[in-house]
Protein chains: 2
Amino acid sequence: MLSVVPKRTGEELDLLFGALADATRRGIVEQLAAGEATVTELAAPYSISLPAISRHLKVLERASIITRSQQGRWRSAQLSPTSLASAATWLTLHERLWAERFDRLDDHLARLTAGPPTLTETESQTPAKRGTP
Amino acid sequence: MLSVVPKRTGEELDLLFGALADATRRGIVEQLAAGEATVTELAAPYSISLPAISRHLKVLERASIITRSQQGRWRSAQLSPTSLASAATWLTLHERLWAERFDRLDDHLARLTAGPPTLTETESQTPAKRGTP
DNA sequence: ACAACACTTAACATGATAGTTAACTATAGC
DNA sequence: GCTATAGTTAACTATCATGTTAAGTGTTGT
């Protein structure tokens, strides 16, 4: 009965990260980095059934990580050019953001333990907790 | 096997990407990028129960994205400095790998369809679009 | 035409996720 | 000591994910 709020924001990232959260799918992506491949070729390294691979491919396709094409009875998968961009962007952005945070924190701690602060330096870098209203 | 990428423990990436495959958890991470926060502070933007948040935090902790500490009855979460590194590495590495592939393919197709190659035709370095379409 | 091939779809078992409410632990403050 | 506060754990439910086998679709080759 609970009303689930429809998740619209970041659904793309849900699919992207979700698709990459599986070792088999990451393996497929790595394999495809060497060039397009058919389903059986992609399945070869794994000990799981072909339908399972087929579904992994569907997941990757839904996440826009790969595209698929058919020639004759062979269906090949190939990496989509822009696919990982948004995930990579999110990650690197946040990684950089808090790397900076930690740099500043390190810096701050260094100053704290090194003696009296100098004049030009700000003291506002403590990880202050936001007060709850 | 190709294995272009140094195999780290796939388990680690499973946990990392899996943790990021949820909008609430990404939201928490974004919130924590502004500084450490308590559980109720982190829960505030969401309409889900506190136990649900508590479990999201556990997932993030298991993925080594955050660490947690306790002072008094408040438990705060803070981002772990190195956490996203391996995920970001994997992504950017692969993105670059196949971006290059597509660049070369573009290049190749351009030459094929353009007739006799001209002087500086091969200098297109940038894929047409980057980022989220 | 028909058999082998390359998949996909269907139906199902099972385990993981994500949410709930209720009860519990532990600290803060009077 | 008592009570409110901060958060976790427990028990349960619903949905999603991943795998299986069996059957179906369409193509290739004799």
Side-chain angles (χ1 to χ4, degrees), chain A residues 1-11 13-29 31-32 36-63 65-78 129-133, chain B residues 10-11 13-29 31-32 36-63 65-78:
Chain A
M1 287 314 134
L2 55 125
S3 65
V4 176
V5 176
K7 286 198 228 169
R8 299 182 146 275
T9 313
E11 196 165 321
L13 285 174
D14 280 22
L15 291 174
L16 259 171
F17 283 125
L20 295 175
D22 181 282
T24 302
R25 285 194 291 266
R26 285 196 307 276
I28 289 175
V29 168
Q31 209 174 335
L32 286 177
E36 77 177 321
T38 66
V39 178
T40 29
E41 284 168 357
L42 291 171
Y46 306 99
S47 50
I48 62 179
S49 67
L50 216 53
I53 296 290
S54 195
R55 275 220 290 192
H56 280 308
L57 290 176
K58 208 177 269 185
V59 171
L60 289 169
E61 187 179 20
R62 200 161 108 83
I65 292 176
I66 66 172
T67 59
R68 314 195 58 184
S69 55
Q70 180 169 1
Q71 29 191 346
R73 63 181 151 175
W74 290 270
R75 298 166 199 226
S76 60
Q78 49 273 143
K129 301 193 330 182
R130 292 181 300 279
T132 311
Chain B
E11 185 79 23
L13 286 174
D14 280 21
L15 291 174
L16 259 171
F17 284 124
L20 295 176
D22 181 283
T24 303
R25 285 194 292 264
R26 284 196 306 276
I28 289 176
V29 167
Q31 208 174 336
L32 286 177
E36 77 177 319
T38 66
V39 177
T40 29
E41 284 168 357
L42 290 171
Y46 306 98
S47 51
I48 62 180
S49 65
L50 216 54
I53 297 290
S54 195
R55 280 221 294 194
H56 280 308
L57 291 175
K58 209 177 268 186
V59 172
L60 289 169
E61 187 179 19
R62 200 162 105 84
I65 292 176
I66 66 171
T67 60
R68 315 196 58 185
S69 55
Q70 180 168 1
Q71 27 191 346
R73 62 181 152 174
W74 291 271
R75 296 166 199 227
S76 60
Q78 49 274 141

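Here is how names work: the chains are called A, B, and so on, in the same order as the sequence lines, proteins then strands, and each is numbered from 1.
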For [X] and [N], give me the distance from atom [atom1] to atom [atom2], rounded to whole Å.
| X | N | atom1 | atom2 | result |
| --- | --- | --- | --- | --- |
| B:L42 | D:dA6 | CG | C1' | 13 Å |
| B:F17 | C:dT17 | CZ | C1' | 19 Å |
| B:W74 | D:dT8 | CH2 | C1' | 16 Å |
| B:L57 | D:dG7 | CG | P | 10 Å |
| A:K58 | C:dT9 | NZ | C1' | 7 Å |

Kindly determine whether B:W74 and B:T40 satisfy side chain to side chain contact (heavy atoms under 4.5 Å, CB included), including the steps that lead there. CA-CA 9 Å; B:W74 291 271; B:T40 29; 5.5 Å; no
Assess whether side-chain hydrogen bond (donor to acceptor under 3.5 Å, both in side chains) is satisfied between B:S69 and B:S76, documenting all intermediate values. CA-CA 6 Å; B:S69 55; B:S76 60; 3.1 Å; yes
Apply side chain to side chain contact (heavy atoms under 4.5 Å, CB included) to residues A:L32 and A:L42 and explain how you reach the verdict. CA-CA 8 Å; A:L32 286 177; A:L42 291 171; 3.8 Å; yes
Nucleotide by nucleotide, nucleotides 15-26 of chain D touches protein heavy atoms under 4.0 Å in the pattern (B base, S sugar-phosphate only, - none) ---BBBBB---B
Think A:T40 has a side-chain N or O under 4.0 angstrom from the OP1 or OP2 of C:dC7?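 Yes.
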Examine D:dT8: is either OP1 or OP2 under 4.0 Å from a nitrogen or oxygen in the side chain of B:S54? Give yes or no.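 True: B:S54 side-chain N/O within range (under 4.0 Å) of D:dT8 OP1/OP2.
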Can you list everything that forms a side chain to side chain contact (heavy atoms under 4.5 Å, CB included) with B:A44? Sequence neighbours excluded, please.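 Counting only residues at least two positions away or on another chain, B:A44 forms no side chain to side chain contact (heavy atoms under 4.5 Å, CB included).
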B:D22 vs B:H56, test: side chain to side chain contact (heavy atoms under 4.5 Å, CB included). Steps then yes/no. CA-CA 9 Å; B:D22 181 283; B:H56 280 308; 3.8 Å; yes
Audit row: B:V59, B:R25, side chain to side chain contact (heavy atoms under 4.5 Å, CB included) steps and yes/no: CA-CA 9 Å; B:V59 172; B:R25 285 194 292 264; 3.7 Å; yes
